[in-house]
Every structure is written in structure tokens, then in C-alpha cells.
Trainee: 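The structure that follows is given in the form of C-alpha cells.
In what follows, every chain begins at residue 1, and chains take the letters A, B, ... in the order their sequences are listed.
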Protein chains: 2
Amino acid sequence: MGDTTIRDGKAAVRISDVARHANVGAGTVSRVINGSQSVAPETRKRVLAAVRELGYVPNLVARSLAANRTGIIAAIIPVIGYTQHAQVIQGLTEVLHERGTNLMIGASGHSPEMEEKIVGAFLARRPDAFYLTGTWHTDVTRELLKASGLPVIEGSNLTETPIDMVVGYSNFAAGRELTRLLALRGHRHIAHVTTKYEPNDRITDRLNGYKAACSEFPRAQQPIVIECENSFEGGAEAIALALKFDQRIDALFCATDLMAVGAILECQRRGIEVPTRLGIAGFDDLPIASAVVPSLTTIHVDRVEMGRKIAEVLLRRVEGESLLSHEIDVGFEIKERNSTFTKGEKRRNRSTG
Amino acid sequence: MGDTTIRDGKAAVRISDVARHANVGAGTVSRVINGSQSVAPETRKRVLAAVRELGYVPNLVARSLAANRTGIIAAIIPVIGYTQHAQVIQGLTEVLHERGTNLMIGASGHSPEMEEKIVGAFLARRPDAFYLTGTWHTDVTRELLKASGLPVIEGSNLTETPIDMVVGYSNFAAGRELTRLLALRGHRHIAHVTTKYEPNDRITDRLNGYKAACSEFPRAQQPIVIECENSFEGGAEAIALALKFDQRIDALFCATDLMAVGAILECQRRGIEVPTRLGIAGFDDLPIASAVVPSLTTIHVDRVEMGRKIAEVLLRRVEGESLLSHEIDVGFEIKERNSTFTKGEKRRNRSTG
DNA sequence: CTGTTAGCGCATTCAG
DNA sequence: CTGAATGCGCTAACAG
């Protein structure tokens, strides 16, 4: 039989079936499917009817091959289970789906080498564009992507030297501003809690922002950097390390909300008053940040919106529009809440060790 | 020129280029690429060398069309930003990537109608298998999927009537067991906090499990059901509603950790002692569940592992293995922690009013 | 073991 | 405006 089969025996109706049924050529069917204008209203109606009657669904694999364009966008994030990155993907899918484009996703596990492998594997599937998290990639990754000529967006940070485009915000500026704010509100010995187990540009830039702020204080503070695991447990550990290191520390700026919330909860267990004895700030504005007691001062970025914007730009590029700018800064916002001294509040004498 | 182009001018090397370079036929190159055994070691070496020299990367779109198999698996979850579902996807991608298969993902936003649309769109891309969240789908979705003949796994719950297969655990049993445990430990007036804004089978089964347990108590308790938004804020609201409804309520079984943690934090704000005045239990075992003070009694399921298992089964089915069972129960585990009365603890008189 | 041939289902010429 | 022809890059079947 001439019947094509899907997998194991289900007959799939092809464009030629529709054409025969509507008494037109395959090309004509293709034209109405793809909304080409040059087709008589009468013919269009006949074709559409045939499509409906036969339940025709275009085979996008075949279309992809013929049109040299898949309608698939590839995205690589560190871990799918992390809220921040998942939110970007959520925004991406929302607009992609509206536009008939689909998303292929991979998780690099914070490893540039793994990312490189995934990029290679994805390229073989000929996506129309790429989204990568962050700005740190292997040379091979950069080469592969540049050679492909595809639109590429690196997200969640900014950089002077993007592969193609970058859409994000300055983690450096955010780290610096938040540190400045803590100082302005009266915190005097501010330590930074970072993580080395998931090395990436965002974390590093936040650290550098903190250091930059330290160096500009009237009586320049020596940066105090504590390294922990990026988790609630890590944040709890940071409390122990900080107090052991220097009793004068009166604020912790944690590079992630995960650690910051862990720190707040540890203070609760230990009976350490936040923010009076110890101020705590985070980064990401996870849902738990505003729910925890006391609520957490942190950096907010609308990541779903960022994902939507990334999709918009990527789609426009795929449509052939030339890029206007290599960088889109979506900005960040400091959410000043109760875990740090806030406006009008005075710094009380803390009880000495 | 005969050169094929990727997008805009980048020459892509094809299988025929490799064939010519290695002095063999295209078919032979295809055989070595796909690991067919019937090829002389010497020829294989020549082909591999040519592949390397030319930097050949197979075009998987073309392969998909010719082989009638894409190496793509489609997954649909309610919201990508929710940790529980994202974890399943994480497990899925991990094993898929090892096996050269990729993942296409969509978010239904808890809407069966949206899910139906996505299923339709995905089918046009000819994935080799489907993963769906939960067991509630529109009739059209079920029809489409059955007609496709593709392996389909519904996850995160169990059902008697799967489209094809189901891999998950019994939300009903988990809800019932947890309620039983609360009663066993001395909680007497247990209310259930559910959510109606994201109607789904998992939430409903948890509620039914709760009701089932209530009806078996010595002096059968009338179920008390509180409806809130599925969020930290919703959990906080549940506290207010519960206390207003009946002061005798001494335990809240929340259908999600999100609400349970929100409830615990609200108790902290109101100075309500947990678990002595009010026991609180959740469901999902989010990372925050073990970090919050007091730590949350909840239901744990290893979702990353579940995702891996789903991938394994799906791949095996795609390889042609026939399915042995329509159901895989991955089980659940009660994590009894400090937010409820625990073993050996006695119920104290609670302060009235 | 290996070269050749014939599609996979569609978009896109190119004539008419 | 429309039908027929051509090929996207690859796999699979079939001879050799």
C-alpha cells in the first residue's frame, strides 16, 4: 500500500491526500496551509474543507527539512528544578507556544563542558535559535554557536562580549547597590556569603559587586567572604562560620535567597535577632523571601517577563529582522524588607558576644 | 553551487560529502554513524576519519524524516516554575541526554484545554513518546494520544484507566496515611486545606484520602475542608479561616507544602505554637519543608528518580519492547518531623479560647 | 560487506 | 492563480 504509517500502523494523512480530495495540487494545499495570499478564495475554501474532513495535520518534521527551518528553539539552563531558571523557561514557552514555535530544553548541571555537549547535540536538530544561561561558556561552545549563524541569547546577566546578544541585568551592579544600601542603613560589618560549588558568572559578579562597594566605604571595609553550599543548609552553616570568624559582623549579604533564608531560619533556631543583631539580605526574590519571618531584603528580577522578552527578540530575529542592540538590560529592583535595617531605623548597640 | 546552507550561508557538510571524502557510498557512512555491525573495520576507520576531518554533524531533521523516528520525547507539565514538576523533568532530561534523545516541553497552566492544544501541536512534530502530568485529560487528548499509537506515560498519580501507562504513587493513600498518622499521634480535630484554583487529580485524591481517614476514626470526625490559594499566602490565610471556623481544630493537613509552610510562618507571626497548639502537615517535601522552624511533617516522593524511571520505561518502549505493566507505583514516604506531634509525645491540653 | 536506488512529507521553484 | 517537478539530507531495501 502507499499508506504512510506512524510508528506501527496508524495511517497518517499527507498533503497529497488532501490535494487529491480537494482536486488541487499539493503545492496549492501547502500554500493555503502556510497562508500564502496568492490563492483563490474558492480554492482555499475547498482545501480547508478537505483538511478538516481528513483531519490532516502537517508533518512538521518534513516541513522542517524542506523549509530549512524547524520552529524549535533550544534552551539550556543549569538545573530545571531551580525556580529562577524555570521561571525564565516558563516565560519563554508562554510566548513561543502562541507563535507555533516549540521549546527543546537541556540541563547543564552548572558545567560548561556539559553545556558544550548539549549545544552540540542540539545543533544537530537544527533549532532556529538558542537561549543559554549566563555568560560563561567554553570556547568550543562559542565557536559552534557563532559558526552556526543562529540567533543566540545569553540570559540573566550582562557582558561586553556576548556570543550574539545578551538579555539580563547587571549582577555586579545589583550586588554593589545592595551592599551600599546595607551600609547606608547602618550595617557596619557586612560579610558576603557565596558558593563555590556552582561556579558561574552571576554569583561571581555579585561577589565582585560586594567587594566594589566595600572599597568605597568612608573607612574602607575589608571584604569578608564566606563560602557555603548553595542551599538552606549552606545558609545555616554560614551563620556558624560568620560568628566564629568575627563577632562584629552585623550583616550577611547572601548571594542567593536559598542561603539567606537558610540563614534566617538558623538565627531563629539559635535565638539570634534579625535584623537587630544580624541583618540578612539575599538575591533572587524567591516566593519564600517575602513569606519568611522576618521577610527578606533581596534583589528582584521579573524572570518570567525576562523569558517572554527573550522569546520575543529571538522570534523577531528568526523572522529575519536584524538585531538592533547586542544588549537588553531588564534591570533589577531592591526589595527592602524586614531582615535588614530599613529606612528611619537606627542602629542599636548590639549585645557584645 | 551544490552546497547546502544552514540559515544564511554557512556551508553544512552532508553525508554525501563524507562518502566522497572516504571513497564509500552514502549508505556505508550511514551504517557506521548508526553503529550497524556489518561494516569492515578498515572501512569504518576511513569513514570515521572523514567525519572528523570534515566536522560532519548528522542532520537529525533529515534522519527523523527518513527513519520515521525523531528521538524527541514530549513532556507537558502544569507550570515549569513549580519545583515538584521541574524535578521530574530534571530526571527525564538526565537519562534522555545520555541516550541521544531530547526533550520538548510545554506548560499547560493547569488547564486540560491548554494541554489538549499542546498535545496537538506536539503531535505534529512526531515525538517518539509522551509524558503527561496527572490523570485528568480531555477526551480529545485521550483520543489523539491513543490514535497516535505512541507510548504515553501519565505521571505523579495512579489510575485504573491510563491512556497507556501510569508511573506515580497513590495520592489517595498518601493523604489517608498522613491523616491516620496525625490521629494516631493524638491530633483530634484535623482540618484539610486544599486549593480549588488549580483543580487536578492529585489535589483531589489527597482530599479524598483525608476524608476516607476521617470516616474510619473511632468517633468519626466530620471532615473540615478549607479552600485557599496554593501559595504561602494561601497557607497564612488558612490559619485565619481555621481558627475562625472552629477553635477546636488542632491540626491542619495542607495539600501542598507551599500552603503548609505559609501556615507555619503565619503561626510564627501570630504566636501560635506549632505543634502544641496546632499541628501542621504538608505534601511534597519541598526543600523548605526540612529547613523551616519547626520542620514540616510531609509526604516525600523522589521526583527526580521518578523522572529517570519514566525516561527508562519510555525509551524501552520506543525501542520496541512491549510494556509489561500499565502501572508503576514508585511509592511515597511519610516524613514525620516537628510540626506535628511525633512518636512518644503526648497531647497536652491546649489553652482554650 | 557495500554501492545504488528509492522514498520520507513537505516547500518551492517554474511554467503555464 | 495553480499544477507539476525538484530536492531538503538521510535511512532502508536491494542487489551485487
Side-chain angles (χ1 to χ4, degrees), chain A residues 1-7 10-47 50-51 54 56-71 100 123-126 128, chain B residues 1-7 10-47 50-51 54 56-71 100 123-126 128:
Chain A
M1 304 226 311
D3 277 357
T4 305
T5 62
I6 294 186
R7 184 82 37 214
K10 311 296 173 182
V13 15
R14 294 151 303 181
I15 206 169
S16 58
D17 300 323
V18 178
R20 201 175 322 117
H21 195 86
N23 267 316
V24 297
T28 302
V29 176
S30 176
R31 272 164 223 140
V32 342
I33 296 287
N34 296 297
S36 165
Q37 45 276 43
S38 49
V39 45
E42 170 54 29
T43 332
R44 169 187 311 278
K45 219 160 45 179
R46 253 193 2 258
V47 170
V51 165
L54 298 174
Y56 170 68
V57 176
N59 180 328
L60 297 193
V61 176
R63 173 186 290 177
S64 298
L65 184 60
N68 190 31
R69 176 199 221 264
T70 55
L123 275 173
R125 297 209 179 267
R126 304 293 190 266
D128 292 339
Chain B
M1 305 224 311
D3 277 356
T4 305
T5 62
I6 296 187
R7 186 79 38 212
K10 312 295 173 181
V13 14
R14 294 150 304 181
I15 207 170
S16 58
D17 299 322
V18 178
R20 198 175 326 116
H21 196 86
N23 268 315
V24 298
T28 303
V29 176
S30 175
R31 272 166 223 138
V32 343
I33 296 287
N34 296 299
S36 164
Q37 46 275 41
S38 49
V39 46
E42 170 54 29
T43 336
R44 171 188 308 279
K45 221 162 40 178
R46 245 179 27 244
V47 170
V51 165
L54 270 46
Y56 171 68
V57 176
N59 181 327
L60 298 193
V61 175
R63 173 185 293 177
S64 298
L65 184 60
N68 190 30
R69 173 201 226 262
T70 54
L123 275 173
R125 297 207 179 271
R126 303 292 191 266
D128 293 338

Trainee: Do B:Val24 and B:Thr43 have side-chain heavy atoms sitting under 4.5 Å apart?
Mentor: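 Side chain of B:Val24 against side chain of B:Thr43, heavy atoms only: contact under 4.5 Å found.
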
Trainee: With heavy atoms under 4.0 Å as the rule, sort A:Val61 into base, sugar-phosphate or nothing.
Mentor: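 Nothing, no nucleic acid heavy atom in range.
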
Trainee: Does OP1 or OP2 of C:dA11 have a side-chain N or O of A:Asn34 closer than 4.0 Å?
Mentor: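 A:Asn34 to C:dA11 OP1/OP2: side-chain N or O found under 4.0 Å.
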
Trainee: If only side-chain N and O atoms of A:Thr28 are considered, is one of them under 4.0 Å from the OP1 or OP2 phosphate oxygen of D:dT2?
Mentor: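 So the side-chain polar atoms of A:Thr28 never come under 4.0 Å of the phosphate oxygens OP1 or OP2 of D:dT2.
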
Trainee: Please tell me which of the listed nucleotides, C:dG3, D:dC10, C:dC10, lies nearest to the side chain of B:Val24?
Mentor: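 Given the options C:dG3, D:dC10, C:dC10, the side chain of B:Val24 is closest to C:dG3.
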
Trainee: With a 4.0 Å cut-off on heavy atoms, is A:Ser64 in touch with a base, just the backbone sugar-phosphate, or nothing at all?
Mentor: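 Nothing, no heavy atom under 4.0 Å.
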
Trainee: Within the pair A:Ser30 and C:dA11, is there a side-chain N or O less than 4.0 Å away from OP1 or OP2?
Mentor: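 True: A:Ser30 side-chain N/O within range (under 4.0 Å) of C:dA11 OP1/OP2.
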
Trainee: Please check the phosphate of D:dC1 (OP1 and OP2 only) for any side-chain N or O of A:Thr43 closer than 4.0 Å.
Mentor: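 False: A:Thr43 side-chain N/O out of range (4.0 Å or more) of D:dC1 OP1/OP2.
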
Trainee: Heavy atoms under 4.0 Å, any strand shown: does A:Asn23 hit a base, just sugar-phosphate, or nothing?
Mentor: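 It contacts sugar-phosphate atoms only.
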
Trainee: Run the side-chain contact (heavy atoms from CB on, under 4.5 Å) test on B:Thr70 and B:Arg125 for me, step by step, so that the C-alpha distance in whole Å, both residues' side-chain angles and the decisive distance to 0.1 Å come before the verdict.
Mentor: CA-CA 8 Å; B:Thr70 54; B:Arg125 297 207 179 271; over 6 Å; no

Trainee: Let me know, please, whether B:Arg31 or B:Asn59 comes out on the 5' side of the other along DNA chain D by nearest nucleotide.
Mentor: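 Nearest nucleotide further toward 5': that of B:Asn59.
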
Trainee: On DNA chain C, compare the nucleotides closest to B:Leu65 and B:Ala40; which residue's is nearer the 5' end?
Mentor: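 Upstream on the strand: B:Ala40.
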
Trainee: Kindly compute the distance separating OG (A:Ser64) from CG (B:Leu60), expressed to the nearest 0.5 Å.
Mentor: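 Rounded to the nearest 0.5 Å, the OG-CG separation comes out at 12.0 Å.
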
